[in-house]
Amino acid sequence: MTDTVEIPERSGTAFRLARGQTLTVIDPRGEQVADLLAFNAEDLDEAISSGRTLDYAETIYLTTGHALYSNRSRVMLRIVEDSVGRHDFLLTPCSYDTFHHFYPTLPPHRGCFGNLAAALERYGIAPDRIPTAFNCFMNVPVDGTTGQLKVLPPISKAGDHIRFVAEMDLVIGLTACSAPDSNGGTFKPIHYRVD
Ligand SMILES: [Zn+2]
């Protein structure tokens, strides 16, 4: 069991997660998103896949009991606890370009994409290999008729968490998201624990 680690606001990290270990992602203050990536530690061409996962789950709202699949249709992570029940797996990590698109008047920020790219560099993962992230606590409701989506503040409250168990040896990327709309307009840290 490890201590809880803090990811400071608007930053990110990367670490190994061995098969059978659990990863708990905690929103310590509430309304804060954490982008999660997973790569097969033995073969970095195998990565977490939104398309595979949503196809097999037959829903865009993933929670306890759902598996997160790789591009090779193998289970990478399984959600074993979830105190929130609302996460996003549609949208890519926020980036310099995202800020230019949505927030042209704000100072630009490299966002989750830049933070993930920097953290994953030491594992040999280049930026172009970064796929759609599983966005813990991100609240993206979709109108079932029109397909229009919205990015609303997370419904997570202080201390809420989601826990995953690893089904293979993984390299994990994890952030405290940097985009204003995703996080209710303020930037907070994220906590995580590996057990
Ligand atoms: Zn972000």
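As the structure lists them, so they are numbered: ligands from 1, and atoms in each ligand from 1. Small disclaimer: the values here were computed from a predicted structure and weren't measured.
Residue pairs satisfying the side-chain hydrogen bond (donor to acceptor under 3.5 Å, both in side chains) criterion with at least one member in residues 10-24, sequence neighbours excluded, are listed as follows: Thr24-Arg163. Sequence neighbours left out, the pairs with a member in residues 60-84 that pass ring pair (Phe, Tyr, Trp, His ring centres under 6.0 Å) are Tyr56-Tyr69. Evaluation of the salt bridge (Lys or Arg N to Asp or Glu O under 4.0 Å) test over residues 20-31, restricted to residues two or more places apart or in two chains, returns none.
For the Zn ion (ligand 1), the count of nearby protein N/O/S atoms, taking only those under 2.8 Å, is 3.
Residues His109 and Tyr96 place their aromatic rings such that the two centres sit no closer than 6.0 Å.
Side chains of Arg52 and Asn71: a donor-acceptor N/O pair is absent below 3.5 angstrom, by distance only. Looking only at atom types and distance, the side chain of Gln148 has no donor-acceptor partner in the side chain of Asp143 under 3.5 Å away.
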